[in-house]
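Written below as structure tokens is the structure these notes are about.
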Amino acid sequence: MGKPSHRWLVFAILGLIANASVAWCATDCPQFYADEKAPGPPHTSIGRGAHELCFSFFAVMYSPETRTPLWSAEHLTAADVKKAARVPRRDRYHAEDRLPEDEQAENADYAHSGFDRGHMSPDNDMPTKVSEQESFSLSNMVPQAKRLNEGLWRSLEGYVRKMATKDGELYIVTGPVFEEGDEQLHDRVTIPSFTFKAIYDPALGGAAAYLATNVNATSCKVISIAKLRTMVGFNPFPGVSSTKSIPLPVPRRVRDQPGVCG
DNA sequence: CGGGCCTCCCCT
DNA sequence: AGGGGAGGCCCG
């Protein structure tokens with residue numbers, strides 16, 4: 001059995017390493033990720049050329065193809081929420097100058113488009129002045145339907161902060177879901193069909209995600225991480241072994257019928 | 001880059 | 001029902 005099985009073992013180990021490197025990704029800011037393991041770019045073509053950008057309170061996987069983040073990740077604690085409430089909001093939407101110019105999204109791309117520059121990691125989570133400004137980088141923005149952004153999405157962000165306060169800490173990964181045929185702003189910035197917000201709650205030992213259609217007649221549901229993975233092509237929490245689902249808070253009242261998550 | 005405006009959430 | 005605050009737009 002000597003040689004062949006030994007050789008087989010080497011290949012098996014190499015295979016495991018290869019699988020591992022597909023599952024997560026080298027990172028410059030492990031502190032934002034559950035078990036310090038960053039999600040990768042999607043294995044689809046949209047992930048081509050995507051790379052991580054670290055900020056002081058969050059990090060994004062930026063795609064030059066879509067000129068949007070593919071995900072934006074935070075580690076939000078109860079203390080952060082408390083601090084963030086005292087940081088005044090200053091709207092300073094800006095192109096991300098750490099990117100090569102031809103990769104950048106610009107304010108002009110969104111102007112008069114009818115779409116909001118929707119935060120992925122939200123402004124209101126940012127516990128410091130610096131991170132608050134950083135959250136206005138267009139590398140943290142996606143074209144989002146106005147009613148969704150100002151309505152349902154905003155309330156979801158509020159629930160998540162409340163949840164972080166109650167349970168102590170959360171790992172949050174937020175981003176767009178693209179589909180074949182999605183249109184672009186100015187042939188430059190791709191408009192996603194959905195946005196998602198995935199939550200890993202260490203206190204509950206599980207995770208789940210919101211998924212909202214990116215239209216003004218908002219509809220929203222809560223899905224499992226496994227389901228989200230099939231939609232986006234990457235694992236938002238590669239460091240989390242348990243895929244146990246947890247309940248996510250949902251809007252109490254209904255304004256326009258399809259606006260509830262369920 | 002400030003200021004006026006809009007819509008919507010959420011608390012009272 | 002009302003009002004403050006939040007997310008974002010546009011125009012000087």
Side-chain angles (χ1 to χ4, degrees), chain A residues 55 57-58 60 67-69 72 74 76 78 80-97 104-166 170 172-176 183-186 188-192 194-197 199 210-222 248-262:
Chain A
F55 295 87
F57 191 74
F58 65 99
V60 304
R67 288 193 174 83
T68 67
S72 183
E74 330 151 56
L76 185 67
D80 293 326
V81 174
K82 195 172 285 181
K83 283 168 68 180
R86 316 179 58 91
V87 177
R89 178 184 173 115
R90 303 284 307 174
D91 292 37
R92 296 274 186 277
Y93 298 90
H94 58 273
E96 179 49 58
D97 57 17
Q104 295 177 10
E106 295 166 10
N107 283 322
D109 293 326
Y110 287 78
H112 308 104
S113 68
F115 284 86
D116 280 8
R117 292 164 288 193
H119 282 76
M120 294 296 93
S121 286
D123 168 76
N124 248 19
D125 287 3
M126 301 298 151
T128 66
K129 196 87 187 150
V130 168
S131 55
E132 196 272 345
Q133 297 280 355
E134 290 173 343
S135 81
F136 280 91
S137 167
L138 291 186
S139 69
N140 185 42
M141 304 280 176
V142 145
Q144 199 169 30
K146 188 177 183 58
R147 295 285 162 74
L148 172 63
N149 187 32
E150 293 179 343
L152 181 63
W153 200 253
R154 178 184 145 204
S155 51
L156 295 190
E157 292 172 345
Y159 299 145
V160 171
R161 278 188 289 277
K162 216 162 256 181
M163 201 170 160
T165 300
K166 183 157 79 70
L170 298 176
I172 307 164
V173 177
T174 310
E183 300 192 347
Q184 298 183 312
L185 306 178
H186 295 8
R188 287 168 49 87
V189 181
T190 312
I191 305 163
F194 310 88
T195 52
F196 71 87
K197 184 178 286 293
I199 317 288
Y210 293 106
L211 179 73
T213 58
N214 191 18
V215 293
N216 281 325
T218 60
S219 97
C220 174
K221 48 185 183 171
V222 176
L248 293 180
V250 140
R252 281 190 286 102
R253 275 201 347 250
V254 196
R255 263 217 124 77
D256 48 331
Q257 268 316 339
V260 207
C261 306

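Throughout, a chain's letter reflects where its sequence line sits, starting with A, and its residues are numbered from 1.
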Worksheet, complete the sentence: Taken in chain and number order and not counting sequence neighbours, the residues that satisfy side-chain contact (heavy atoms from CB on, under 4.5 Å) with A:S131 are A:S56, A:F57, A:M126, A:P127, A:T128, A:E134

Fill in: side chain to side chain donor-acceptor pair (under 3.5 Å) partners for A:D91, two or more places apart
A:R89

Practice prompt. Using side-chain contact (heavy atoms from CB on, under 4.5 Å) as the criterion, list what pairs up with A:A164, not counting sequence neighbours.
Written response: A:L76, A:V81, A:L170

Worksheet item: A:K146: what forms a side-chain contact (heavy atoms from CB on, under 4.5 Å) with it, not counting sequence neighbours?
Response: A:D116, A:E150, A:N216

Item to complete: Give, ordered by number, those residues of residues 124-138 of chain A having at least one heavy-atom distance below 4.0 Å to an atom of DNA chain B; if nothing qualifies, reply none.
Response: none

Practice prompt. Name all residues meeting the side chain to side chain donor-acceptor pair (under 3.5 Å) criterion together with A:R161; count only those two or more places apart in sequence or in a different chain, and write none if there are none.
Written response: A:D125

Worksheet entry | Approximate separation, where rounding is to 0.5 Å, of A:D109 CG and A:Q104 CD | 10.0 Å

Item to complete: Find the distance A:R90:CZ to B:dC1:P and express it as a whole number of Å.
Response: 9 Å

Practice prompt. Indicate, with a heavy-atom threshold strictly under 4.0 Å, whether A:G158 touches base, sugar-phosphate, or nothing.
Written response: nothing

Response to the item:
Bounded by its outermost nucleotides with an atom under 4.0 Å from a heavy atom of chain A, the footprint on DNA chain C reads C:dG5 to C:dC11

Discussion item. Tell me which residues in residues 106-114 of chain A lie within less than 4.0 Å of DNA chain C, going by non-hydrogen atoms.
Written reply: A:H112

Discussion item. If the helix axis at each end comes from five base pairs, how far does the helix from B:dC1-C:dG12 to B:dT12-C:dA1 deviate from straight, to 10°?
Written reply: 10°

Worksheet item: Which pairs pass ring-ring contact (aromatic ring centres under 6.0 Å, His included) with one or both residues in residues 114-138 of chain A, sequence neighbours excluded?
Response: A:Y93-A:F136, A:H119-A:F136

Practice prompt. Please report, rounded to the nearest Å, how far the P atom of B:dC9 is from the CG atom of A:L156.
Written response: 11 Å

Worksheet entry | Passing candidate, side-chain hydrogen bond (donor to acceptor under 3.5 Å, both in side chains) with A:T190, options A:Q184, A:E183, A:R67 | A:Q184

Worksheet item: By side chain to side chain donor-acceptor pair (under 3.5 Å), which residues pair with A:S137, not counting sequence neighbours?
Response: A:E96, A:S139

Under 3.5 Å, which N/O atoms of the protein pair with N/O atoms of nucleotides 4-7 of chain B?
none

